[in-house]
K.L.:
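Supplied in structure tokens, the structure appears directly below.
The analysis underlying the following values was restricted to heavy atoms, covering all of them including side chains, and did not include hydrogens, waters or symmetry mates. Whatever order the structure lists them in is the order used to number ligands and atoms, beginning at 1.
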Amino acid sequence: MSKTSLPFLPFVRPYVDEETITGVINVLRSGWITTGPQNARFEAELTKYCGRPVRTFNSGTCTIGIALRIAGIGPGDEVITTPLSWVSTSNMICEVGATPVFADINPVTRNLDLDKLEAAITPQSRAIIPVYLAGIPMDLDRLYTIAHIHRLRVVEDAAQALGSSWNGQRVGTRGDFVSFSFHANKNITSIEGGALVVNDDNEAQLAQKYRLQGITRTGFDGMECDLLGGKYNLTDVAARVGLGSLARLDEITAQRRTLARAYFRHFRGSAAIAAGIELPPADFTNSNWHMFQIVLPLDRLRIERANFMAQMKARGIGTGVHYPPIHLFKLYRERGFGPGMFPHSERIGRSIVTLPLFPQMTIDDVSRVVQAVNEIINHYQQ
Ligand SMILES: *Cc1c(COP(=O)(O)O)cnc(C)c1O
């Protein structure tokens, strides 16, 4: 077995091309390194892509909180979301003083189950935060029908879904608030960063105020502060990285789809499938393939997930966990959540593994990953 002869394959590797690196050097030499002309260009490009007003921020996390603030959501209000996400989604609900309400996922899409979402609506419900895990969007027509009937705001956590679409409409081009992240591991990156798509100029103005200390400037020397904003602006260095990355979005999405197709081809008829591993939905029209995640049949294996990941690492392959269920974290158990409440999220959160998928990978890399999975499953099957 060629266990150590090949270079280590991480589960993700950020991609910054040479043109972008040169562009960053030019920004550093320009004399304007924090929010300025590059950020204005990045915002303009994102606004063009979405066809709606977009403002940039220094993280995807803060955009979720700012959308909730713009919507006037706070203490006494309930916000419904999925337990299977990065914890920042529900942390932002808590940060604005609102109450997180979880609804379980659909085990196939691993996104919010819209029937469960409807069942979770109460007179206190004010908003929904759907999360497009791995870039798989949900039925946006039904989601917005539910939102309209119950007069709920929607903050789409599309941190992983830039480049995804629903029925031919790209995520970000329709709906209510849409939040993107440009963290180093996302499909496009500004190292750290995020963007919020809003509905109109008034909301865009508010987003700008929340982004920088609640300040509005007028004329040469006018300045007013009329709301409690924070410090969430994106630097021009980061914006230049984001611009270089955004220019390659279509190319990146196409390459991710090619690699995902290769995963399906290699897994077809394999020992791993026979043993019961679950693949993601084979979606080649909507998903941007942010991740390729398998669910391990732990009840049929003699090892736990951590051991599976260690065995992959021993074969030179990195894996990840996205994510443990939020409601089982201490902070949320202290709010009354606990085991047994959201069985699909709990099983999948316990058994999900992210395999390598990034545009610089080759089909041979995919074959190597699937071979390693098969070897381990074969060896530890009971
Ligand atoms: C990455 C991510 C976030 C947060 O984005 P940051 O830019 O890291 O703050 C939120 N939700 C989901 C689902 C994410 O994947």
K.L.:
Using a 4.0 Å cutoff against the non-hydrogen atoms of Ala159, which atoms of ligand 1 qualify?
P.N.:
2 (C), 3 (C), 10 (C), 11 (N), 12 (C), 14 (C), 15 (O)
K.L.:
Got a sec: does the CG of Leu228 have more than 12 other heavy atoms crowding it under 6.0 Å?
P.N.:
no
K.L.:
Considering only protein heavy atoms, which is closest to atom 9 (O) of ligand 1, and at what distance to one decimal place?
P.N.:
Thr61 OG1, 2.4 Å
K.L.:
Which atoms of ligand 1 are found less than 4.0 Å from any heavy atom of Ser59?
P.N.:
7 (O), 9 (O)
K.L.:
Return yes if some donor-acceptor pair links the side-chain N/O of Asn39 with the main-chain N/O of Thr56 below 3.5 Å, else return no.
P.N.:
no
K.L.:
Do any heavy atoms of Tyr323 fall under 4.0 Å from ligand 1?
P.N.:
yes
K.L.:
Which word best sums up how the rings of Tyr263 and Phe267 line up, parallel for under 30°, tilted for 30 to 60°, or perpendicular for over 60°?
P.N.:
parallel
K.L.:
Please list, in number order, the atoms of ligand 1 under 4.0 Å from a heavy atom of Gly193.
P.N.:
7 (O)
K.L.:
Verify whether one side chain among Asp157 and Trp86 offers a donor that lies under 3.5 Å from an acceptor in the other.
P.N.:
no
K.L.:
So is Phe182 polar-close to ligand 1, meaning N/O to N/O under 3.5 Å?
P.N.:
no
K.L.:
Under a 4.0 Å N-O cut-off, is there an ion pair linking Arg41 with Asp236?
P.N.:
no
K.L.:
Do Val79 and Leu117 sit in the same hydrophobic cluster, where Ile, Leu, Val, Met, Phe, Trp and Tyr count as joined when their side-chain heavy atoms come under 4.5 Å apart?
P.N.:
no
K.L.:
Any idea which of Lys186, Glu192, His290 brings a heavy atom closest to atom 2 (C) of ligand 1?
P.N.:
Lys186
K.L.:
Which residue and atom name correspond to the protein heavy atom nearest atom 11 (N) of ligand 1, and how close is it?
P.N.:
Asp157 OD2, 2.8 Å
K.L.:
Below 4.0 Å from any atom of ligand 1, is there a heavy atom belonging to Cys62?
P.N.:
no
K.L.:
At a 4.0 Å threshold, what atoms of ligand 1 neighbour a non-hydrogen atom of Thr89?
P.N.:
11 (N)
K.L.:
Taking Arg368 for the side chain and Gly316 for the main chain, is one N or O donor matched with an acceptor at less than 3.5 Å?
P.N.:
yes
K.L.:
Counting heavy atoms only, which part of Leu133 comes closer than 4.0 Å to ligand 1: side chain, backbone, both or neither?
P.N.:
neither
K.L.:
Please report the closest heavy-atom contact between Asn286 and Asn167, naming both atoms and the distance.
P.N.:
OD1-N, 3.5 Å
K.L.:
Side chains of Asn91 and Tyr332: is there a donor and an acceptor less than 3.5 Å apart?
P.N.:
yes
K.L.:
Using a 4.0 Å cutoff against the non-hydrogen atoms of Val131, which atoms of ligand 1 qualify?
P.N.:
13 (C)
K.L.:
Looking at atom 15 (O) of ligand 1, what's its closest protein heavy atom, distance included?
P.N.:
Gln160 NE2, 2.8 Å
K.L.:
Out of Gln124, Arg126, Arg153, which residue meets the side-chain hydrogen bond (donor to acceptor under 3.5 Å, both in side chains) rule with Asp77?
P.N.:
Arg126
K.L.:
Quick one: which ligand 1 atoms are inside 4.0 Å of a heavy atom on Ser85?
P.N.:
13 (C)
K.L.:
For atom 10 (C) of ligand 1, what is the closest protein heavy atom, and at what distance to 0.1 Å?
P.N.:
Ser88 OG, 3.1 Å
K.L.:
So which heavy atom in the protein is nearest atom 5 (O) of ligand 1, and how far is it from that ligand atom?
P.N.:
Ser181 OG, 3.2 Å
